Amino acid sequence: MLKNVQELRVYREVCKKAMDAEKKRVIICGGAGCVSKGANKVYNKLLELMQAKNVKFTVSLEKEPHGDSVRVKKSGCHGFCEVGPLVRIEPQGWLYVKVKEEDCEEIIDKTIVKGECIERLAYAENGVIYKEQKEIPFYKKQTRVSLDNCDKIDATSIEEYLARGGYTAFEKALTEMTSDQIVSEITESGLRGRGGGGFPTGRKWSQVARQKNFPKYVVCNGDEGDPGAFMDRSVMEDDPHRMLEGMIIAGIATGATEGYIYVRAEYPLAVQRLKNAIACAEELGILGDNIMGTDFSFHMHINRGAGAFVCGEGSALTASIEGKRGMPRVKPPRTVEHGLFDKPTVLNNVETYANVADIINKGSAWYKSIGTATSSGTKTFALTGNIKNAGLIEVPMGTTLREVIFDIGGGIRDGGKFKAVQIGGPSGGCLTEEHLDLPLDFDSLKKAGAIIGSGGLVVMDEKTCMVEVARFFMNFTQNESCGKCVPCREGTKRMLEILERIVAGEGRDGDIELLQELGEMISDMALCGLGKTAAGPVLSTIKYFRNEYEAHIYEKRCPAGECQKLKQIVIDPALCKGCSKCARQCPVNAISGKIKEPFTIDLNKCIRCGSCLSACPFNAIKEN
Amino acid sequence: MEQTINFEVLDQAIKDYGNEEKALIAILQRAQEHYRYLPREIFPYLAEKLDIPEARIYGVATFYENFSLERKGKYVVKVCDGTACHVRKSIPILEALRKELGLSEAKKTTDDYMFTVETVSCLGACSSAPAVMVNDEIYPTMTPDTAVALINEIKEKEANA
Amino acid sequence: MENKQYLTVDGIPVEINGEKNLLELIRKAGVQMPTFCYYSELSVYGACRMCMVENQWGGFEAACSTPPKAGMEIKTNTDKLRKYRKNILELLLANHCRDCTTCDKNSNCKLQDLAMRFKIEGVRFPNANTERKEDKSSPCIIKDSSKCILCGDCVRMCNEIQNVGAIDFAHRGSKMTISTAFDKPLAESPCVGCGQCVAVCPTGALVLHSDAEKIWKALQDKNVKTTVQIAPAVRVAIGKELGAVNGENAMGKIVTALRRMGFDEVYDTSLGADLTVMEETQEFLDRLDSGKNIPLITSCCPAWIQYAEKKHPELLPNISSCRSPMQMMASLLKKQAREKGENSFHVAIMPCTAKKFEAARHEFDVDGKPNVDAVLTTKGLIRMIKEAGILFEDLEPEAVDMPFGTVSGAGVIFGTTGGVTEAVLRRVMSEKTRAELLAIEKLGQRGTDGIKEFDLPVGEGKIHIAVVSGLANAEKVIKRMKAGEHFDFIEVMACPGGCINGGGQPFGMREDKARRTKGLYDADKLLSIRRAEENPILDDVYKNIIKDEAHELLHVHYGKH
């Protein structure tokens with residue numbers, strides 16, 4: 001237990017020294033993507049072989065640095081999930097991709113012992129081999145602030161966080177700044193909520209600071225529920241202290257004494273890491289009563305979600321922490337006045353808190369120098385879908401979609417053609433080719449009918465049916481609707497019915513107009529933010545891909561060829577030899593004909609299973 | 001297979017989280033982990049201990065996806081149908097698993113309570129799409145074939161256990 | 001001078017004067033907004049979205065949850081709003097069992113009314129609820145989920161005001177329902193039958209059980225002698241719907257109507273109440289003497305009795321052993337009938353739904369038969385009068401039958417919160433002057449507050465009295481009692497405001513309830529006998545009917561439920 005900030009500074013110096021003393025490092029990415037691809041096996045193999053080969057190594061930060069042993073570290077997510085498992089070699093900064101257990105021996109022998117780069121393990125794109133991580137196009141255009149530590153530290157070690165300057169902002173806020181100064185620094189920085197709404201964080205804090213009703217709460221929304229988004233997961237799992245530090249500073253600034261972190265049920269590792277981080281912080285006296293000998297006390301709690309997307313909405317989240325059904329409530333009263341347990345509450349998401357420490361440390365001017373005039377700082381995005389370099393990225397606000405998708409993301413995978421990008425999850429919209437030069441910031445996206453949301457970017461190629469995408473999102477929203485207000489509960493249900501009809505080839509004249517009518521009503525009338533944006537994917541796809549809807553409804557055709565029920569299987573009479581193999585394979589007897597004459601297929605019977613396609617020895621059967 | 005309901009786990013959870021309404025979800029989570037579902041018998045017990053109406057506890061239990069009022073299998077297989085997995089074809093994986101285990105949309109758990117197959121709206125493992133989670137472990141870039149192979153591997157392990 | 005603040009509603013300036021929300025303010029401008037889920041007594045839910053208004057910036061706000069702010073320019077009736085409201089109504093109708101012509105709520109249904117107001121001419125979506133899904137297990141209430149629009153009024157009533165928690169929301173999204181735990185039948189839930197959920201339900205999803213058919217049958221049967229008693233609160237709640245003056249005492253007309261319908265003998269439950277005053281006062285004085293089972297808690301309200309049985313069985317010894325006025329009255333009538341060897345059928349007309357349960361309780365059976373054969377709610381009576389084609393407003397009032405024809409004002413005021421207490425006070429106060437009656441009025445039992453408390457000096461000391469209505473309020477007092485606070489006498493009525501606001505009454509707004517209460521106090525003032533003990537009939541009743549059977553006829557021990 002450290003008694004005051006002087007002791008904290010001393011301890012941080014010890015940690016820093018220890019880290020600086022590490023001459024060589026092998027950092028294995030321990031992010032979810034790499035682990036699922038075998039990163040743990042690589043890590044274990046490396047340790048096993050080093051032991052066998054008598055290469056001296058350490059697996060944790062040694063306070064008494066010894067000699068030139070190699071530090072082998074499992075860090076958090078490096079972001080470049082597509083080509084995992086990733087291994088970075090320091091001090092050279094080399095990045096090895098798609099590393100397998102079999103590669104470990106060579107890595108030790110050549111790289112660790114001799115300092116040679118294994119080029120076959122380096123990333124290559126368009127014939128260019130990139131040895132150093134920072135040269136890779138995926139990384140080159142990124143600016144990592146909230147993700148800065150993720151690929152560098154061992155998330156379970158508070159010492160490594162301290163060694164990288166951790167808790168200096170906390171120290172400054174606690175001892176050198178007044179509550180007003182902290183709030184105005186955050187306000188000045190222009191930081192806006194990263195959870196979707198983009199509400200100015202400083203304004204929120206000042207409203208809570210003003211309240212005279214105690215206790216006050218600091219709540220972190222870690223209920224990252226948007227399908228296709230995993231940025232917050234990375235921060236919680238890989239750099240939990242950064243988030244805690246942001247929350248504690250929010251507590252100092254607003255006079256709150258309790259912190260609650262609401263973590264999505266699907267993130268058990270995040271819960272584990274956060275628990276560990278809280279325990280470590282308590283042990284050092286960064287959390288608890290009379291922190292660092294001051295009269296400031298702060299306690300942190302973790303609540304696990306139980307599987308409800310709607311709990312990402314502020315008032316539903318606080319209801320859930322209170323042990324209730326996660327149903328949003330009407331506002332006012334607002335969360336800043338009557339939030340958790342009816343008390344004044346600061347509610348921000350993970351990424352927002354993750355930006356706080358750097359703003360306090362480096363100042364608002366520094367933060368404002370990144371990004372655009374109205375959206376300062378960086379934003380993390382989860383880049384997924386039919387994109388070459390799927391992964392987790394962080395770029396300055398205002399970076400264009402084209403830069404993100406083509407420069408960082410490497411364009412469409414398997415040589416496909418870009419069709420659309422879905423941004424902002426189920427609350428967002430689909431943007432097209434014409435929007436590629438749109439800067440990614442709160443206001444530009446809003447104008448284009450999408451939102452930045454929490455930052456999921458799902459890229460779609462020309463084989464993706466936009467009506468099906470709309471149906472998919474509506475299905476999601478309908479499943480996750482809390483059921484409270486009529487527009488969302490009943491409206492999305494009817495919209496889904498119509499979309500299901502359209503993709504099944506049963507669309508009717510007037511369906512598009514009815515979808516728009518309901519969509520507009522829901523957007524204006526729904527109770528909560530999630531309801532208000534529920535129609536976004538449908539309305540934006542109608543706006544930009546109306547012709548696809550029309551093809552489904554009027555021509556009973558899916559232009560992308562994705563909708564199963566609209567597929568048509570034809571037998572080319574010129575190629576068919578009448579062998580009857582297809583007819584024998586057909587499970588529903590849809591194919592008939594005379595031997596040695598062209599067969600025919602009855603599309604009313606056909607269930608589009610495709611068995612005949614593979615059965616035909618003459619390639620006479622085609623699907624369109 | 002009859003299970004007798006032992007309330008000790010609830011008493012312990014109440015001790016850990018408190019007997020106020022705000023502890024309800026955490027207590028139900030503990031119960032769900034222990035029994036692998038929420039047995040009917042625990043509702044009146046909790047209603048009394050926490051002094052909240054049984055109907056409200058039922059309301060909470062049926063609101064959240066993670067609570068099940070029916071017994072689940074030893075292995076809960078969650079096929080991710082998040083956007084990223086969906087566009088990389090997660091549904092054929094789901095169909096293959098259901099076919100292999102004789103399950104359907106309505107029947108989610110095998111008769112021997114070994115497997116439960118369900119979908120999840122996103123595992124946050126989008127870079128590994130399409131992903132499948134078995135209990136707490138994520139399996140990346142699955143295909144219908146590898147998913148079925150995974151099931152068979154588990155079956156074999158269980159048979160030898 | 002204070003600065004007055006204004007906002008405009010459809011261009012009309014309206015002064016802001018402490019209104020909680022825009023709805024109240026819009027009402028001041030003479031516009032009645034459509035709502036399903038707003039009741040001023042309940043918390044704001046904001047889910048139906050019918051009361052949305054447009055502001056000067058083209059944004060939309062729910063009038064029920066938005067506090068008025070100076071300078072707002074509210075529009076309540078724009079093209080968009082009309083279109084959206086029609087959308088919402090269409091969506092609700094699409095999910096609603098639309099057998100309106102045969103629904104209990106026909107012509108009294110908010111959904112039907114608004115669908116008419118907004119001229120919904122067709123529903124473009126398939127209906128999943130074409131069949132009724134009724135739960136008829138409770139003797140008091142029928143729940144039909146096919147008619148439910150999920151406004152949540154019943155849930156908030158059952159939980160916030162009544163603290164019963166029999167029902168709540170279950171499941172979510174389009175699968176959401178209002179349900180007991182595990183969707184068990186209502187009869188197996190903690191429901192106490194107070195019927196307040198029915199009172200606030202805007203549609204036919206919660207309606208009352210009706211025994212009208214059984215009663216018609218008895219009335220037609222020449223071999224059956226039909227007797228009926230009318231509870232105090234009924235007479236002031238019936239007028240509005242039948243074309244008489246709202247809140248005025250219509251007892252005389254009710255008596256006439258019942259005779260027209262064919263009842264052989266018509267009585268006033270107030271006599272039963274007079275007996276209750278006598279018995280309960282004695283019981284209270286005895287308990288004060290012995291110091292046992294203090295506080296005495298009243299027992300007139302059957303929903304409160306069920307609540308106590310289900311949630312606080314430990315309080316049963318404190319509850320008065322007196323039968324409710326309805327059961328005292330019925331005891332007498334049935335005893336006489338038995339003695340005369342008559343085949344009698346006794347109907348009680350009550351403002352209450354829980355009385356149906358009370359009537360069926362086996363504790364009151366004699367030789368396996370109930371004393372009250374059927375309970376008819378005020379609403380049920382209105383329906384029967386209409387069915388019989390009786391033009392109520394034209395009826396000449398008549399008096400109830402002898403030998404129980406005289407009642408005291410003390411018995412009449414039982415129908416409102418504080419009435420039982422006041423009646424008992426009139427009995428216990430030794431001074432019997434008119435001035436004393438006026439003094440008693442002011443002690444603190446009157447008024448609409450949910451919890452009223454006052455001390456009454458008695459000899460050297462004082463007794464502490466609490467008058468409670470609404471079961472959540474009762475729970476608050478019980479909690480305080482358990483925490484060690486001392487009470488001597490507690491009057492509990494389950495329905496907020498007492499029986500005038502019972503679950504069997506026609507739905508009343510705050511103003512209607514005030515009129516009903518005033519109607520009862522006015523009736524009390526017009527009676528020459530205002531103290532129970534001064535009712536000359538009681539002597540005769542005790543001497544010739546009750547004899548030494550007071551315990552068997554007038555008291556009860558609730559053992560089970």
Side-chain angles (χ1 to χ4, degrees), chain A residues 306-311 315-316 324-334 337 342 474-498 501 508 510-511 513-528 530-532 534, chain C residues 20-21 36-38 43-54 58-67 69 78 80-96 111 123-128 149-152 155 159 168-178:
Chain A
F309 172 72
V310 65
C311 289
S315 59
K324 301 182 181 128
R325 292 165 60 85
M327 301 207 287
R329 63 156 175 77
V330 280
K331 281 170 215 158
R334 292 171 312 142
E337 290 163 19
D342 209 27
M474 196 42 76
N475 184 50
F476 176 86
T477 312
Q478 166 58 27
N479 256 324
E480 299 293 340
S481 163
C482 82
K484 182 170 178 177
C485 77
V486 183
C488 176
R489 180 184 73 232
E490 305 294 339
T492 58
K493 174 172 131 182
R494 300 304 176 176
M495 287 182 80
L496 177 62
E497 263 174 25
I498 298 166
R501 202 158 75 205
R508 303 173 202 152
D511 275 352
E513 291 72 20
L514 187 51
L515 283 173
Q516 283 175 317
E517 182 185 334
L518 289 172
E520 279 160 25
M521 187 275 292
I522 297 169
S523 309
D524 280 338
M525 293 284 108
L527 192 157
C528 78
L530 297 178
K532 283 193 169 79
Chain C
K20 275 189 298 189
N21 53 49
F36 284 115
C37 65
Y38 181 79
S43 66
V44 174
Y45 188 57
C48 76
R49 315 310 278 169
M50 286 296 286
C51 71
M52 297 287 274
V53 293
E54 215 173 316
F60 296 90
E61 285 172 292
C64 64
S65 61
T66 309
K69 258 195 226 140
T78 64
K80 263 193 179 170
L81 286 170
R82 266 196 312 280
K83 201 177 85 190
Y84 290 159
R85 286 180 191 141
K86 281 183 172 216
N87 282 143
I88 290 173
L89 288 167
E90 184 185 355
L91 287 167
L92 287 174
L93 288 170
N95 227 11
H96 185 79
L111 181 58
V123 176
R124 291 168 287 181
F125 313 104
N127 191 346
I149 59 167
L150 299 167
C151 66
V155 171
N159 287 273
D168 212 315
F169 294 106
H171 308 282
R172 75 170 184 225
S174 59
K175 296 189 190 81
M176 187 161 92
T177 58
I178 285 170

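The figures here come from the full heavy-atom set of this structure, side chains too, leaving out hydrogens, waters and symmetry mates. Source: prediction; values computed, not measured. Proteins come first, then strands; the chains are lettered A, B, ... in the order of their sequence lines, and each starts at number 1.
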Asks: As an exercise, state the distance from CG of Leu91(C) to CD of Glu490(A), rounded to the nearest 0.5 Å.
Replies: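 Reported value, rounded in 0.5 Å steps: 6.5 Å.
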Asks: Rounded to the nearest 0.5 Å, how far does CG of Asn95(C) lie from CZ of Arg489(A)?
Replies: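 Between Arg489(A) CZ and Asn95(C) CG, I get 7.5 Å after rounding to 0.5 Å.
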Asks: In chain order, what residues pass the salt bridge (charged side-chain N to carboxylate O under 4.0 Å, His left out) check against Arg494(A), with sequence neighbours excluded?
Replies: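 Residues passing salt bridge (charged side-chain N to carboxylate O under 4.0 Å, His left out) with Arg494(A): Glu497(A).
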Asks: Between Met521(A) and Lys80(C), is a side-chain contact (heavy atoms from CB on, under 4.5 Å) present by the stated rule, with each step listed?
Replies: CA-CA 9 Å; Met521(A) 187 275 292; Lys80(C) 263 193 179 170; over 6 Å; no
Asks: Can you say whether Ala308(A) sits under 4.5 Å from chain C via the side chain, the backbone, both, or neither, judging by heavy atoms?
Replies: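 Ala308(A) touches chain C through backbone and side-chain heavy atoms alike.
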Asks: CZ of Arg85(C) to CE of Met525(A): how many Å apart, nearest 0.5 Å?
Replies: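 The distance works out to 7.5 Å.
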Asks: Looking only at heavy atoms, what is the nearest atom pair of Arg49(C) and Pro487(A), with distance?
Replies: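 Scanning both residues, the minimum pair turns out to be CG-CD, 3.4 Å.
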Asks: How close do Asp524(A) and Met52(C) get, counting heavy atoms only, and between which atoms?
Replies: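 Looking at all heavy atoms of both residues, the shortest contact is O-CE, 3.6 Å.
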Asks: So which atom in Leu527(A) and which in Tyr45(C) form the shortest heavy-atom distance, rounded to 0.1 Å?
Replies: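 That closest heavy-atom pairing would be CD1-O, 4.0 Å.
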Asks: Please rank Gly491(A), Pro333(A), Gly483(A), Gly510(A) by heavy-atom pairs under 4.5 Å with chain C and give me the top one.
Replies: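 Heavy-atom pairs under 4.5 Å are most numerous for Gly483(A).
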Asks: Specify the closest pair of heavy atoms between Pro332(A) and Pro67(C), including all atoms of both residues, with the distance to one decimal.
Replies: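 Distance-wise, the nearest heavy atoms are CG-CD, 3.2 Å.
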Asks: Among the options Asn87(C), Leu92(C), Leu81(C), pick out the one with the most heavy-atom pairs lying under 4.5 Å from chain A.
Replies: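 Top option by heavy-atom pairs under 4.5 Å: Asn87(C).
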Asks: Phe60(C): what forms a ring-ring contact (aromatic ring centres under 6.0 Å, His included) with it, not counting sequence neighbours?
Replies: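 Here the qualifying residues are Tyr84(C).
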Asks: Among Ala62(C), Gly152(C), Ala94(C), which residue forms the greatest number of heavy-atom pairs with chain A at distances under 4.5 Å?
Replies: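 Most heavy-atom pairs under 4.5 Å with chain A: Ala94(C).
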Asks: Enter the distance from Lys493(A):NZ to Phe125(C):CZ here, rounded to the nearest 0.5 Å.
Replies: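 Lys493(A) atom NZ to Phe125(C) atom CZ measures 10.5 Å (nearest 0.5 Å).
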Asks: Would you mind checking which part of Ile149(C) comes under 4.5 Å of any heavy atom in chain A, side chain (CB onward), backbone (N, CA, C, O), both or neither?
Replies: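 It is the backbone, since no side chain atom gets that close.
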Asks: Rounded to the nearest 0.5 Å, what separates atom CZ in Arg325(A) from atom CG in Asp168(C)?
Replies: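 Those atoms lie 7.0 Å apart.
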Asks: Side chain, backbone, both or neither: which part of Ile522(A) has an atom under 4.5 Å from a heavy atom of chain C?
Replies: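 Looking at Ile522(A), nothing touches chain C.
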Asks: Distance check, rounded to the nearest 0.5 Å: Glu517(A) atom CD versus Glu90(C) atom CD?
Replies: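 Taking CD in Glu517(A) and CD in Glu90(C), the distance rounds to 7.0 Å.
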Asks: Write down the atom of Ala47(C), the atom of Lys484(A), and the distance for their closest heavy-atom approach.
Replies: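 Scanning both residues completely, I find the closest heavy atoms to be CB-O, 3.3 Å.
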